[in-house]
There are 2 protein chains.
Amino acid sequence: MPKGNSVTIREVARRAGVSIATVSYVLNESAPISEETRARVLAAAAELGYRPSALARSLRARQSHTIGYSWHHVPRDRWHPILDPFLYSMAQAAEAEGYHILTFAQPADGDPWRPYQELMLTGRVDGFILSETNRDDPRIRYLLDHDFPFVAFGRANEEWDFPYVDVDNAAGTRMAVEHLVKLGHRRIAVIAWPEDSLTGSYRLQGYLEGMAAAGLPVDPAWIVRTEHSEAAGRQAMGALLALPPDRRPTAVVTMSDLMAIGAMNGLYEAGLQPGRDVSVVGFDDVPMAQYLRPPLTTVRQPVAEVGAKVVEMLLKIIRGEPLPERKVLLPPRLIVRESSGRI
Amino acid sequence: MPKGNSVTIREVARRAGVSIATVSYVLNESAPISEETRARVLAAAAELGYRPSALARSLRARQSHTIGYSWHHVPRDRWHPILDPFLYSMAQAAEAEGYHILTFAQPADGDPWRPYQELMLTGRVDGFILSETNRDDPRIRYLLDHDFPFVAFGRANEEWDFPYVDVDNAAGTRMAVEHLVKLGHRRIAVIAWPEDSLTGSYRLQGYLEGMAAAGLPVDPAWIVRTEHSEAAGRQAMGALLALPPDRRPTAVVTMSDLMAIGAMNGLYEAGLQPGRDVSVVGFDDVPMAQYLRPPLTTVRQPVAEVGAKVVEMLLKIIRGEPLPERKVLLPPRLIVRESSGRI
DNA sequence: CCCAGGAATTGAAACGTTTCAGTTATGCCT
DNA sequence: AGGCATAACTGAAACGTTTCAATTCCTGGG
């Protein structure tokens, strides 16, 4: 049977010959204590290796100093492009302020807000970070209705007023289009997500803005909406290649690196070479992207910054401090590699 | 200022017209209570939406019902091949038993066991899951010395007695070699990790066993030890290709998908085609592997099973239940795709 | 010489549970 | 009818903190 720890404030007090209140005051520097007593308490605490119980402290303060985070699990043929850096930067930012991240699974069935409710009602967390939000997101609805602290990585309904940090998705695809235009492309297609994806609609919008800014017409056949998978990306590329030569796009912008890879594979299947015959641009800049053949031009999201920012904002909310900016949009960066072709 | 929750057992007791002890007994079914009272308490609790405070409960029980997990952060040009499925399966397994996973960051500097110590002494967690263990792992040493509950995904020094679950790495590379031998290869190389990697030494050992079992000699030049990166894999392949034709390997086993990708890129650079001119096998089966050109033959680790198992074992330890098997080795699976060539 | 006032310290309550040790009411046996 | 076991329930302690309110001890002013 392991012990864990068991030295309490009482023992420190006894060893230093003072009351537990004094020990608490010394350790938290929350009351004037004579230098001599202070030194004695500190010494006793150090000798015993005393660390205050986070549990007792939390109970008393009614603050768990914990932040909840859950992510959507994806099937094994896909991946979560940002989980690692996002979670890591959140953990770092939280720990710098004495908080910790509690990760929980999103059960496949049942109301999506259930686990949030449970954590909230049992007082296990002081707030939540959400990611992969969408329009009518039931989790946001729930937290908003119950006035519980949270910050989202991603937006939702325009009319819902809640704090979020998001990447300027439209700017990302706009930059991709601008880059392709600069390379001389005029017929640029987009492999987009279904209409129910809010993030997808921002990215599509960026494409449209980019085309409009360049004064290029958009053939409706160039906008392919399909699900987020490699196979879908491949099929979409097949459909684009089936267009008559004068309408066939010479470049394709996609919603994700996964779909970009599908698109490139679609080109190979047709005997074409990505980056030479047709340019392809992805979104996410997963680590693999740079090692693909050809290396993938893609839009990199400032994931670590988002992670640090959402935590910073959430802690302000939890502490009741004013929140200077409730809605933050961070710019992505276009990483140019060979899949978009040579200049 | 958000409220969180605040309905306590006291209010439930008042509403049901009983003492708080009775409420507790009803809710935990830990004492005989008349059916009538039971119903009244349950009704009161439901009407108030009462959920017991996890904090108070933990303090009283001296159990946080929380498990700590930390992972090594990697630079952006690499990735953590198993974080998502591993963390997810752990969270699921833990939650089924009323536990949660606390994730924390490993600071770049300082003793690696510091964050473990902090969490342990403050009573925030009841135990830890470790991953990416190695020989002389200071975290294992620390937890062992302090007799604190933990289970590792991965092994360490033979003489250290601690509970772990690991994938049978040797079996993985052995299967890879067998597969290649079956395809007719006789000169099979391995791109391995530096000697200080314990996991790497198991995987190398499996390669050696596979070669021995097939009665094939191993040319020392076929064993290239190098760091875990795409560039290293590429250079290693270059070195292998530089061997004289009669010593040049026709197949290569690698320690990871990342290095396999490097190896394949090395082949392309030399104007060769992976899977046709030289076979390549990876390790991990990252989601990308199947979309590579050619799709990568690789060893898949049963990550979700490991996650469920380590949690199951840790909870047994925490609860003081007997642990039937302290050292578990799970078999990996070879996923055959085209990078290893046609039969 | 007394007392106000401040600095340093302490006792005890409170946070919300669980559970031990008791108290009441009921029914049964002799 | 009296005693006693049992069932059902309750009061209070305890988990380890923080912090309010109270207490002690000085010092200096009148």
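The chains referred to below are lettered A, B, ... by the order of the sequence lines, with proteins before strands, and numbering in each begins at 1. Values in this document were obtained by computation on a predicted structure and should not be read as measured data. Heavy-atom basis, side chains included; hydrogens, waters and symmetry copies ignored.
Between B/Glu118 and B/Arg114, none of the side-chain N atoms (NZ, or NE/NH1/NH2) sits under 4.0 Å from a carboxylate O, so this pair counts as no salt bridge. Taking the charged nitrogens against the carboxylate oxygens, A/Glu132 and A/Arg139 have no contact shorter than 4.0 Å, which rules out a salt bridge.
A straight line from CZ of A/Arg51 to C1' of D/dG16 spans 15 Å, rounded to a whole angstrom. Atom pair A/Leu48:CG and D/dG16:P shows a separation of 14 Å (rounding to whole Å applied). Here the P atom of nucleotide C/dT17 and the CD atom of B/Glu11 are 9 Å apart, to the nearest Å. D/dA7 atom P lies 13 Å from atom CD1 of B/Ile33, rounded to whole Å. Taking atom CD on B/Glu36 and atom C1' on D/dC9, their separation rounds to 12 Å, with Å as the unit. Rounded to an integer number of Å, the gap from CG of A/Asn28 to P of D/dT17 is 11 Å. D/dT17 atom P lies 18 Å from atom CD of A/Gln63, rounded to whole Å. Distance, B/Glu29 CD to C/dT18 P: 13 Å, rounded to whole Å.
The side chain of B/Arg62 places an N or O atom within less than 4.0 Å of a non-bridging phosphate oxygen (OP1 or OP2) of D/dG16. For B/Thr22 and D/dT10, the shortest distance from a side-chain N or O to OP1 or OP2 is below 4.0 Å. An OP1 or OP2 oxygen of C/dT17 is reached within less than 4.0 angstrom by no side-chain nitrogen or oxygen of B/Tyr25. Distances shorter than 4.0 Å separate some side-chain N or O of A/Ser24 from OP1 or OP2 on D/dT18. Close to C/dA7, at under 4.0 Å from its OP1 or OP2, lies no side-chain N or O of A/Ser34. Taking only side-chain nitrogens and oxygens, B/Thr8 never comes nearer than 4.0 Å to OP1 or OP2 of C/dG16. A sub-4.0 Å separation between OP1 or OP2 of D/dG16 and a side-chain N or O of A/Ser53 is absent.
Mapping B/Ala21 and B/Ala56 onto DNA chain C by nearest heavy atom places B/Ala56 at the nucleotide closer to the 5' end.
Contact annotation for B/Ile20: base contact, defined as any heavy-atom pair under 4.0 Å involving a base atom. At the heavy-atom level, A/Thr37 lies under 4.0 Å from the strands shown only through sugar-phosphate atoms.
You'll find that the side chain of A/Leu59 is closest to C/dG16, out of C/dA8, C/dG16, C/dT18. When distances are taken from the side chain of B/Arg60 to each of D/dA8, C/dC15, D/dA14, the shortest belongs to D/dA14.
Atom CD of A/Gln106 and atom NE2 of A/His73 lie 12.0 Å apart (nearest 0.5 Å).
A donor-acceptor contact under 3.5 Å is not formed by the side chain of B/Arg57 with the base of C/dT17.
Between A/Tyr69 and A/Phe86, the angle of the ring planes goes over 60°, which puts this pair in the perpendicular group of the 30/60° scheme.
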Does the side chain to side chain contact (heavy atoms under 4.5 Å, CB included) test come out yes or no for A/Leu143 and A/Trp113, once each step is laid out? CA-CA 8 Å; A/Leu143 294 173; A/Trp113 46 267; over 6 Å; no
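Considering only heavy atoms from C-beta on, B/Asp166 comes within 4.5 Å of B/Phe153 through its side chain.
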